[in-house]
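In what follows, a single structure is set out as structure tokens and then discussed.
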Amino acid sequence: MTGYNTTMLEPENRFPFWWEMSSRAHVRCWIRSEHERDFVASVRSLTFGGLVVTALTYPSLQVERTPKLIRQDDPEVFQLNLLTQGRGGIEHRDRRVTLSGGDFVLCDSSYPLQGWRSAVGSHASALLVQIPRRWLPFSGEAIDRLVGRPFSSAKGGAALLAEHLATLIARGEECADADEAALADAVMALILVACSQRAAVPAPLSPEARKRVQLKQMKRFMLQRLSDPGLSPATVAVAHGISLRQLQKSFQAEGVGVSAWIRRKRLERCRRDLADPLLADRPIHAIAARWGIVDGPHFSRLFKSAFGVTPGEYRKVVAIGPDCADIQE
């Protein structure tokens with residue numbers, strides 16, 4: 001993991017430094033900004049297995065990749081951009097589109113591009129994945145449906161990809177070099193799913209990659225429905241068109257059954273709420289019900305089994321500082 005913040009430099013050096021470092025990490029572009037005299041920006045970048053994943057924050061700017069720059073240097077890559085904060089737009093492959101926070105857009109380094117980013121508040125921010133072109137094994141027609149056509153990260157495979165990229169940037173430095181190939185495979189599986197859904201073509205995934213993506217989809221489904229007391233392995237299986245046996249088999253690598261996984265996540269949410277001073281006046285049974293556990297005595301037993309103290313005891317302890325033990329795995 002590499003990273004820097006331009007505030008470590010004198011104001012007059014910030015913009016040229018950021019431009020040069022960005023060009024080294026990604027395809028070369030011309031960049032202009034009305035904030036060049038004091039350009040406050042940051043970059044965190046992770047390179048593994050042929051992929052470059054980068055988180056950027058920056059003030060409003062304009063970017064251009066010209067035919068001359070392409071002739072000078074074309075690494076033949078795709079860039080998948082996720083605008084996480086701000087607004088933007090691009091002209092690319094004879095398309096002119098606008099972007100809002102939460103939009104993905106795929107760009108091709110072999111074609112000219114003009115774009116702009118407008119900050120909301122103090123800055124705009126984005127996540128960017130640079131991908132060798134050969135790693136997107138779609139037909140020319142499918143690629144044409146993807147390049148320069150934005151799609152939302154609010155649902156489907158794009159939502160899973162956005163969440164995964166944010167986690168990877170936040171915690172990627174914890175991974176060893178030996179994990180690079182597995183990390184690249186996981187990211188590419190999600191990219192292929194998100195792009196295949198946008199292009200309306202089957203995702204070119206191996207059986208194992210398909211299983212990993214489906215497991216992520218099922219986990220997200222359950223996390224979004226923890227507050228529903230009716231959430232169960234049966235409802236998860238039905239929602240994903242698989243049998244209960246297939247569902248349980250998918251969770252074997254987790255070392256815990258589906259019901260136990262749901263219960264653990266609910267208890268984690270309850271513990272978080274019990275430690276929240278803003279919720280100090282909320283009754284314990286209401287916190288439990290908020291996360292789908294409607295039987296108060298049963299919740300107390302589950303909580304004590306997991307953490308070694310009752311919910312009431314835990315709330316008193318965190319009110320004076322020390323935390324309780326983690327969930328028993």
Side-chain angles (χ1 to χ4, degrees), residues 1-6 9 12-37 39-83 86 88-99 103-118 124-140 142-150 165 180 184 187-188 191 195:
M1 176 78 73
T2 59
Y4 61 86
N5 191 310
T6 62
L9 303 170
E12 64 271 16
N13 296 327
R14 291 173 182 175
F15 180 72
F17 176 81
W18 191 85
W19 184 0
E20 177 60 27
M21 295 301 291
S22 296
S23 296
R24 289 183 185 180
H26 310 116
V27 297
R28 294 194 67 86
C29 295
W30 297 112
I31 301 174
R32 295 287 182 267
S33 174
E34 60 187 18
H35 302 279
E36 291 179 19
R37 292 186 177 181
F39 195 82
V40 177
S42 66
V43 173
R44 284 172 58 84
S45 189
L46 182 66
T47 302
F48 56 95
L51 294 176
V52 181
V53 180
T54 308
L56 308 101
T57 65
Y58 42 78
S60 299
L61 54 77
Q62 300 83 45
V63 60
E64 182 177 13
R65 181 160 170 80
T66 64
K68 183 177 180 180
L69 286 177
I70 294 170
R71 290 193 299 271
Q72 291 174 346
D73 178 29
D74 183 13
E76 297 188 352
V77 296
F78 288 116
Q79 284 189 339
L80 186 61
N81 291 268
L82 172 62
L83 185 61
I90 63 166
E91 294 182 33
H92 188 49
R93 292 273 293 257
D94 299 322
R95 290 160 190 157
R96 179 182 294 181
V97 299
T98 58
L99 306 169
D103 282 345
F104 276 108
V105 67
L106 186 72
C107 301
D108 187 335
S109 68
S110 298
Y111 288 83
L113 176 148
Q114 289 184 317
W116 57 272
R117 297 289 186 271
S118 178
S125 61
L127 289 170
L128 184 153
V129 188
Q130 188 159 288
I131 311 158
R133 184 179 294 162
R134 66 184 183 278
W135 287 21
L136 285 187
F138 294 107
S139 68
I143 291 295
D144 187 61
R145 296 179 195 167
L146 288 166
V147 174
R149 299 181 184 272
L165 292 177
E180 284 191 4
V187 173
M188 280 309 305
I191 288 174
C195 288

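Only a predicted model underlies this, so the values are computations on that prediction, with no experimental measurement involved.
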Taking the side chain from Ser110 and the backbone from Glu76, do they hold a donor-acceptor pair closer than 3.5 Å? no

N-O pairing of Asp108 and Arg65 below 4.0 Å: no

Do Val27 and Asp73 have side-chain heavy atoms sitting under 4.5 Å apart? no

Whether the side chain of Trp19 engages the backbone of Cys29 through a donor-acceptor N/O pair (distance < 3.5 Å, no angle test) should be reported. yes

Min side-chain heavy-atom separation Asp144-Arg93 under 4.5 Å: yes

Test side-chain contact (heavy atoms from CB on, under 4.5 Å) on Ile31 and Phe15 and set out the steps. CA-CA 9 Å; Ile31 301 174; Phe15 180 72; 4.0 Å; yes

Step by step, work out the side-chain contact (heavy atoms from CB on, under 4.5 Å) result for Val105 and Gln79. CA-CA 8 Å; Val105 67; Gln79 284 189 339; over 6 Å; no

Once rounded to the nearest 0.5 Å, what's the spacing between atom CD of Glu12 and atom CZ of Phe39? 15.5 Å

Report yes if the side chains of Val63 and Arg117 come closer than 4.5 Å at any heavy-atom pair, otherwise no. no

Taking the side chain from His92 and the backbone from Gln114, do they hold a donor-acceptor pair closer than 3.5 Å? no

Test side-chain contact (heavy atoms from CB on, under 4.5 Å) on Glu64 and Leu69; report intermediate values, then the result. CA-CA 9 Å; Glu64 182 177 13; Leu69 286 177; over 6 Å; no

What are the two closest heavy atoms between Ala55 and Leu127, and how far apart are they? CB-CD2, 3.6 Å

Would you name the heavy atoms of Tyr58 and Ala126 that are closest together and state the gap between them? OH-CB, 3.6 Å

Please confirm whether the backbone N or O of Asp74 pairs with a side-chain atom of Ser109, one donor and one acceptor, at under 3.5 Å? no

Have Thr57 and Ser125 got a donor and an acceptor in their side chains that come within less than 3.5 Å? no

Here the gap from Asp103 atom CG to Asn81 atom CG, rounded to the nearest 0.5 Å, amounts to 11.5 Å

Would Val147 and Phe78 count as a side-chain contact (heavy atoms from CB on, under 4.5 Å) here? Give the steps. CA-CA 9 Å; Val147 174; Phe78 288 116; 4.0 Å; yes

If you define the side chain from C-beta out and look only at heavy atoms, does anything of Pro59 sit under 4.5 Å from Val40? no

Given side chains that start at C-beta, do those of Trp135 and Ile191 come closer than 4.5 Å, heavy atoms only? no

Test applied, side chain to side chain contact (heavy atoms under 4.5 Å, CB included); reference residue, Leu128; option that passes from Leu82, Leu165, Val43, Leu56: Leu56

Side chain of Arg95, backbone of Ile90: donor and acceptor closer than 3.5 Å? no

Within the distance-only criterion (no hydrogens, no angle test), does the side chain of Glu20 pair as donor or acceptor with the backbone N or O of Phe17 below 3.5 angstrom? no

Rounded to the nearest 0.5 Å, what's the gap from CG on Leu61 to CZ on Arg32? Could you check? 11.5 Å

Can you confirm whether more than 12 heavy atoms, excluding those of Tyr111, are under 6.0 Å from its OH atom? no

Would you check if the side chain of Ser33 reaches a backbone N or O of Ser60 as a donor-acceptor pair within less than 3.5 Å? yes

Please round to the nearest 0.5 Å and tell me the distance separating atom CG of Leu146 and atom CZ of Phe104. 12.5 Å

Kindly give the heavy-atom pair with the smallest separation between Gly88 and Leu83, and that separation in Å. N-CD2, 3.8 Å

Check Arg44, Gln130, His26 against Thr54 for a side-chain hydrogen bond (donor to acceptor under 3.5 Å, both in side chains) and give me the one that passes. His26

